[in-house]
Engineer: 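The structure's right below; bear with me while I get my questions together.
Keep in mind it's a predicted model, so treat the numbers as computed, not measured.
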Amino acid sequence: MKHQELISIIEIPMVEKKSMDSLIKALDPDNKLAPKGIVIDIQKESEYLKIIIKAKKSVELLTFRNTIDDLLEHIATLLKVLNTLAKKR
């Protein structure tokens, strides 16, 4: 399927800066290991983390979707770990 550039934006509400930094650090390998033609940009906003996933025209829609699915799975796991650690403090 031909398409223009694909873009997906994920916004995660986060108040605690330390948790936000931990999440960014943990997601860094995902960014570096993204399939060819896909770029993952992670930005810190005041109270949320913004993750922008972009795919060039040459990337298949299924590859783009699978990359987002993998990223969401990693985020969910990381948030569970951060919440568990926060409860133990």
Engineer: Quick one: pull up CD in Glu16 and OG in Ser22 and give me the separation to the nearest 0.5 Å.
Structural biologist: 8.5 Å
Engineer: Answer yes if Leu71 and Leu79 sit in the same cluster of Ile, Leu, Val, Met, Phe, Trp and Tyr residues linked by side chain heavy atoms under 4.5 Å apart, and no otherwise.
Structural biologist: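 Yes, same cluster.
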Engineer: Rounded to the nearest 0.5 Å, what separation is found between the CG atom of Asp70 and the CZ atom of Arg65?
Structural biologist: 10.0 Å
Engineer: Counting only heavy atoms not in Lys50, do more than 12 sit closer than 6.0 Å to its NZ atom?
Structural biologist: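 Atom NZ in Lys50 is packed in, count exceeds 12.
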Engineer: So how far is it from Ile53 CD1 to Ile10 CD1, rounded to the nearest 0.5 Å?
Structural biologist: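 Here the interatomic distance stands at 3.5 Å.
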Engineer: Minimum heavy-atom separation for Lys57 to Glu5, with atom names?
Structural biologist: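 Looking at all heavy atoms of both residues, the closest pair is CG-N, 4.4 Å.
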Engineer: Applying salt bridge (charged side-chain N to carboxylate O under 4.0 Å, His left out), can you list everything that pairs with Asp28, at least two apart in sequence or on another chain?
Structural biologist: Lys32
Engineer: Please list every donor-acceptor pair under 3.5 Å in which a side-chain atom of residues 35-47 meets a protein atom from a residue at least two apart or in another chain.
Structural biologist:
| unit_1 | atom_1 | unit_2 | atom_2 | d |
| --- | --- | --- | --- | --- |
| Asp41 | OD2 | Gln43 | NE2 | 2.8 |
| Lys44 | NZ | Asp21 | OD1 | 2.9 |

Engineer: Distance from Leu78 atom CG to Glu73 atom CD, nearest 0.5 Å?
Structural biologist: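 So the gap between those two atoms works out to 10.5 Å.
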Engineer: Quick check on the hydrophobic clustering: are Ile9 and Ile68 connected, directly or via other members, by side-chain heavy-atom contacts under 4.5 Å?
Structural biologist: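 No: no chain of side-chain contacts under 4.5 Å links Ile9 to Ile68.
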Engineer: Nearest 0.5 Å please: distance from the CG atom of Leu85 over to the NZ atom of Lys18.
Structural biologist: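 Taking CG in Leu85 and NZ in Lys18, the distance rounds to 9.0 Å.
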Engineer: Once you round to the nearest 0.5 Å, how far does OG of Ser19 lie from CG of Asn83?
Structural biologist: 7.5 Å
Engineer: Are Tyr48 and Leu72 connected, step by step, through hydrophobic side chains (Ile, Leu, Val, Met, Phe, Trp, Tyr) whose heavy atoms are closer than 4.5 Å?
Structural biologist: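 Hydrophobic grouping puts Tyr48 apart from Leu72.
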Engineer: Give the minimum heavy-atom separation between Val59 and Phe64, together with the two atoms involved.
Structural biologist: CG1-N, 4.2 Å
Engineer: Taking it one step at a time, do Ile51 and Ile75 satisfy side chain to side chain contact (heavy atoms under 4.5 Å, CB included)?
Structural biologist: CA-CA 11 Å; Ile51 303 170; Ile75 290 167; 3.5 Å; yes
